[in-house]
Amino acid sequence: MRLHPTDDQRALRDSLRRLLARRFGAVALRAAVAGPGLDRALWRELGAAGFFALRLPEADGGVGLGLPEAVLAFEEAGRALLPGPLAATCLAAGTVSGAATGETVVTAVDGGGLVEWLDASDTVLGDASGAVPLRSVDPLTPLHRVPAPASVGPPDPVAVLLTAAEQLGTAARVCELAVQHARARKQFGQPIGAFQAVKHLCADMLVRTETARAAVYAAAVTAGPADIAAARLLADEAAGRGSRDCLQVHGGMGFTWESEVHLHLKRAWVRSHRAGGVTESEELLAADLVAGAG
Amino acid sequence: MRLHPTDDQRALRDSLRRLLARRFGAVALRAAVAGPGLDRALWRELGAAGFFALRLPEADGGVGLGLPEAVLAFEEAGRALLPGPLAATCLAAGTVSGAATGETVVTAVDGGGLVEWLDASDTVLGDASGAVPLRSVDPLTPLHRVPAPASVGPPDPVAVLLTAAEQLGTAARVCELAVQHARARKQFGQPIGAFQAVKHLCADMLVRTETARAAVYAAAVTAGPADIAAARLLADEAAGRGSRDCLQVHGGMGFTWESEVHLHLKRAWVRSHRAGGVTESEELLAADLVAGAG
Amino acid sequence: MDLTYTPQEEDFRARLREWLAEVLPTLPPKPSPDDWPARRAYDLGWQRALHDAGYAGVHWDASPTTRLIFWEETERAGAPYVGANFVGLLHAGPTIATEGTPAQRERWLPPILRGEEVWCQGFSEPEAGSDLASLRTRARRDGDHYVVSGSKLWTSHAEVADWCELLVRTDSAAPRHRGITWLAMPMDAPGVTVRPLRTLAGSAEFAEMFLDEVRVPVADRVGAENDGWRVTMVTLSFERGTAFAGEVVACRRVLGELAREARAGGRWDDPALRRRLGRLNAEFRALWRLVQWNAGETETAGGGVPGVAGSVFKLRYSHARQELYDTAAAVLGPDCLDLDRPWVLDRLSSLSYTIAAGTSQIQRTIVGERVLGLPKGR
Amino acid sequence: MDLTYTPQEEDFRARLREWLAEVLPTLPPKPSPDDWPARRAYDLGWQRALHDAGYAGVHWDASPTTRLIFWEETERAGAPYVGANFVGLLHAGPTIATEGTPAQRERWLPPILRGEEVWCQGFSEPEAGSDLASLRTRARRDGDHYVVSGSKLWTSHAEVADWCELLVRTDSAAPRHRGITWLAMPMDAPGVTVRPLRTLAGSAEFAEMFLDEVRVPVADRVGAENDGWRVTMVTLSFERGTAFAGEVVACRRVLGELAREARAGGRWDDPALRRRLGRLNAEFRALWRLVQWNAGETETAGGGVPGVAGSVFKLRYSHARQELYDTAAAVLGPDCLDLDRPWVLDRLSSLSYTIAAGTSQIQRTIVGERVLGLPKGR
């Protein structure tokens, strides 16, 4: 029993982190904010690296790995603020032609009626008729809203878990950013991270991140609905509160449009509304407590 | 417009504070914890000082003052952890003979079914038949529970406000205790109050206390139900969280039975269940937002 | 404890209310947020109207209670915000009024009150935020001028300002708080470059300002050389007590709108959301009482801790305002991701409340040390 | 990422479970909390039973995963707590095992494992709580003895202990962390006075201990003179990773009981309470995963921050446990004021979780400095 990623899993994570650093680093991120649009070349490169086909059996042209590997990949995507309907395309690999290779970009109508990246996608799953564009709070996630979304069943647990993994990536990244800033920025003659008020904010960010990490990784192993719901709640909290605390640590510096921090907060907000939102997960976990108890 | 107590009001408050310091100081408090029981001599002394008859018109033998003075008196009682069914007796002055003078101790069945100091009281308002004693969490508040309390109307707003005033007294007192300890206690070569983690806990205690104070005093002036509900919520929070923060600042020292801190926390818990509890106040304030809006 | 207003105050309120009812419908339409010259003209026009009606000096001369009534009534009536007049009316002006020479007061104060000149604030720097006293913008004497070089950050309305209240370092050998001087710098002086600073809310309210050998006459120094820190602190907390009165009124209005939106949208049936709104009602009622408390605080200290006003209010209010807009997001559901819906942009803006004008961390230290008397750390 | 157990571990679990099912029904009834001698006998008896069945050394010899299974299964089965054996098994014992001489190991370890001797901990002092290194209890050499004077606080099971692991100052001139020595002191030595310390929960789990010229043989010193701080730190975090496994299992059981109580009492219809219980379910599931994570952490560090185990877990768990019992109070309503109702006393006890064994404030500093590498304050 070892919840830590294996050597192979870490190698996969590291190679994806390198790919994203090379193809979607700080400069590319800023360019994407300035001129939104999906980078299809990057999308195909991700496809070639197996990003969308991780869980597809090798017989079907996939990588033949499992949820743990997908979770690590999505954690990296979250860390890098990689834009696009990643989860929808990943889930469509194997059913929608070209999704696995990154040729086809697939989006989906969410239960709440939102559709991400509708204009940039080749295929949309669900009924998006009458969809109207919103002015999205997240400059890297164009949104449409379907006026009267068809009542759908409970969200796909895998979609919930992959979203949680992205939130975990944000949580880990904003903790890193806060610590970097707290070490470098000096006020009152010392790095601000030497002040307990800042140091303890950072510590709490790490605690939330590592607790969420344990929950997300375990849910990737068990794939149980309650474990996934728990992972979602913990990761949402770690990403949302973490981004805010990171902003607080950055002070005025984090409020500039050029800063990466607010992009994490806004993306965390977008993700927290996916797949039923947190209330649905809370209710599932409440019901789980009395399940089988009559 | 000046929400601060007037000179007369401060004189009244100061004289009551002196009376309580003399008659119910640290030694008497500890003795009361060791051997519970209502000090009838003190009760009569309070009566003689006008504590129960503050709001009774002079024509009826009262002091002829108003809610503001009663609130200041109850704040002092809360500060001192004065035991006994103070609010019930105060509300009964003018209707129950001897209540105003402190000769008669009056308790009441609360809406939630609890009765404080039943055995020590001369008169009980409401139907206490079948009341069974609890083992009270607060060593200075004996409790009975009525098995099936008669459905009562909404709580008397004055009772709610006087309870809020007691909570304010606790909030102010635990803030003082925390600051005293943080100044005196040295660890790592300096007073612990020099550490931001402790200093900021204390600052937040003060912020909660002073915000609650403004709300409680204003409610005493307007006597409006929404103002009173707001005062209750703010004062409950200031007392409950303040007591806990005070405990945290005291570290191990606050955990001894001899410490005053836990008595404030326990009394704050008892008070938070009086008169409908906080949920009722929250609902009243929610309804207030849409009142008259159709 | 007294919440009644004097007949004079009630009269002031009645006259103000009457005047607002008359004048507001005659105002030109609000300019676009991106049209800076139009915004300047609009804000100055409003100040001129206030001046002509006798309300220009309310912040400087009137009692705190009168000021509170002024903010309350203008917000209730939906009058324009102080806008571009903020620094002139609420900071530089009072500083000059207190510390300036008669000639300086005569030169600068009337144009502020009449709505003729806009001021901006050149205090913060890239390396001097919370620790303002570490500012590095240098000024050296050259005859009867100072020559100023450095950069400033978070300067609001810099694009349309006529004057800048500027803190510069005139003695780099002196202890941090000593070698600072307060200057009035004309924004059209050669060497001043202003670059808009876009915030996370997407707007460009603020600017960076670069100063390259800018010449400022010694005669435009307020207070003594190297005494600028004290000069600034005299008025830095000016208006803290009551200037938020309007904002609290605005928050309470938003809260009512939220409750009605929740009822219309069906979310009112969720008791958790309803109680959260109820708690916010308590919160903003209490904050309003705290504003009233603070208005009375300038007289002799009574119950409560004296001097508690500014930082206590700011700590509580910053948090409450963020919670207000987080609750708005809960009311909106997925629509909270749409910048065109009400409150969404406000939610983004509210994120700065725990940072701007002293972070919550700094405020807690102030409360801990100056109000509670806790010792400074080593 | 792997949550499967090895066949050996599964076998261990199965045999343990079987043995527990056999032995637990044969245990004598639990003694009254106030009957100290009976509690000592009960706790030692249970340790003896574990020893005879081959489980005594599980904390010292087995893998972290095996220890986790041990805590999980004993808690699930409702086995007795470690009780009076706590310090011997989980602190003094491992310290002696690591740092003691062969003769010391032979003298002290077997009686701990066999359930024959009880140890208590003499670390904290009235003036040395969070800042343990400031301890003042002095020991001076007198021939082949130390002569110890001072006082200790929060010594649990002192009334029934045979030995005390004692930290004393042997060099008051040395830097704080240097002049400290670790001694094993017999509790029946002349000059030892124990006074019970009643806590806010009304119980007397703890004691104060006064030492007046107590003579301790130099031979009973573990480690070198003045090296006691290092000796202690070697094992202070021992078991942090997995020792809480049983408590997390217990909290999850309580949570299920709370949900059922809420359903029975009608409060389940309140969505706010229901969701709060749902959140706690997430919380304790995650804490369980963190325990499992920590069990795997002793091997080479993988993803996540290495060394994160103890303090991260304690910070989160302390808060979660307090929230659990606060939620219990919400489920109970006014009955939460009745000490005879379940969870009410636990709520009081849970208040110490953010203080005992390092306050949350101290833990955050540890995480900030040792894990995140943030600088120390001046």
Side-chain angles (χ1 to χ4, degrees), chain B residues 1-7 9-10 13 68 71-72 172 175 179 182-183 189-191 193-196 198-215 217-222 226-227 229-234 278-279 281-290 293, chain C residues 1-6 9 65 68 255-256 258-260 262-263 268 271 274-283 285-297 299-305 308 311-313 315-316 361 363-369 371-378:
Chain B
M1 191 205 59
R2 193 173 149 76
L3 199 42
H4 301 62
T6 62
D7 288 348
Q9 287 167 340
R10 281 188 289 137
R13 182 191 65 190
V71 153
L72 289 175
C175 181
V179 169
R183 281 205 198 116
Q190 60 181 5
F195 292 103
Q196 282 191 338
V198 173
K199 186 178 290 174
H200 291 189
L201 266 184
C202 293
D204 283 338
M205 291 170 77
L206 184 81
V207 169
R208 286 193 297 263
T209 302
E210 295 306 311
T211 312
R213 183 187 305 282
Y217 289 5
V221 174
T222 72
D227 277 338
R232 194 251 169 83
L233 290 183
L234 277 279
V278 297
T279 305
S281 299
E282 288 167 349
E283 292 285 2
L284 185 154
L285 285 158
D288 169 72
L289 287 173
V290 291
Chain C
M1 300 177 200
D2 181 16
L3 287 171
T4 56
Y5 295 90
T6 64
E9 288 162 350
T65 303
L68 182 150
L255 192 54
L258 280 181
R260 285 187 289 278
R263 281 235 292 205
W268 191 252
R274 216 165 50 226
R275 289 177 211 152
R276 191 172 172 186
L277 288 164
R279 272 208 168 264
L280 276 169
N281 188 359
E283 187 70 28
R285 278 174 181 268
L287 283 164
W288 177 248
R289 299 315 185 180
L290 208 49
V291 167
Q292 293 184 312
W293 178 281
N294 290 348
E297 181 109 321
E299 307 175 31
T300 49
V305 182
V308 89
S311 293
V312 165
F313 179 85
L315 274 165
R316 187 88 188 195
Q361 284 73 29
Q363 301 294 344
R364 287 191 192 101
T365 296
I366 290 173
V367 169
E369 292 174 5
V371 183
L372 297 175
L374 290 168
K376 289 184 186 236
R378 266 177 319 196

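Predicted model only: the values in this text are computed from it and were never measured. Letters A, B, ... mirror the listed sequences (proteins, then strands); counts begin at 1.
Counting only distance, with no hydrogens or angles, the side chain of B:R2 and the backbone of C:G296 share a donor-acceptor pair below 3.5 Å. With B:K199 contributing its side chain and C:P375 its backbone, the two residues share a donor-acceptor pair below 3.5 Å.
Interface residue B:R208: backbone and side-chain heavy atoms are both found under 4.5 Å from chain C. Neither the backbone nor the side chain of B:L201 comes within less than 4.5 Å of any heavy atom of chain C. Heavy atoms closer than 4.5 Å to chain C are found nowhere in B:A229, neither backbone nor side chain. Residue C:W268 touches chain B through its side chain alone, counting heavy-atom pairs closer than 4.5 Å.
A parallel orientation is assigned to the rings of B:H4 and C:W293, their planes being inclined by less than 30° (bins at 30° and 60°).
Shown here are the salt bridge (charged side-chain N to carboxylate O under 4.0 Å, His left out) partners of C:R285, two or more places apart in sequence or in another chain: B:D227, B:D288. Not counting sequence neighbours, the partners of C:R279 by the salt bridge (charged side-chain N to carboxylate O under 4.0 Å, His left out) test are B:E282.
One finds the CZ atom of B:R213 at 8.5 Å from the CG atom of B:L206 (value rounded to the nearest 0.5 Å).
Options C:L315, C:T365, C:T4, C:L277 differ in how many heavy-atom pairs under 4.5 Å they form with chain B, and the most are formed by C:T365. Interface remark: of the candidates B:A212, B:C202, B:A172, B:C202 forms the most heavy-atom pairs closer than 4.5 Å to chain C. Chain C forms the most heavy-atom pairs under 4.5 Å with one residue out of B:A182, B:A287, B:A226, and that residue is B:A226. Across B:V198, B:V221, B:T222, the residue that shares the most heavy-atom pairs under 4.5 angstrom with chain C is B:V221.
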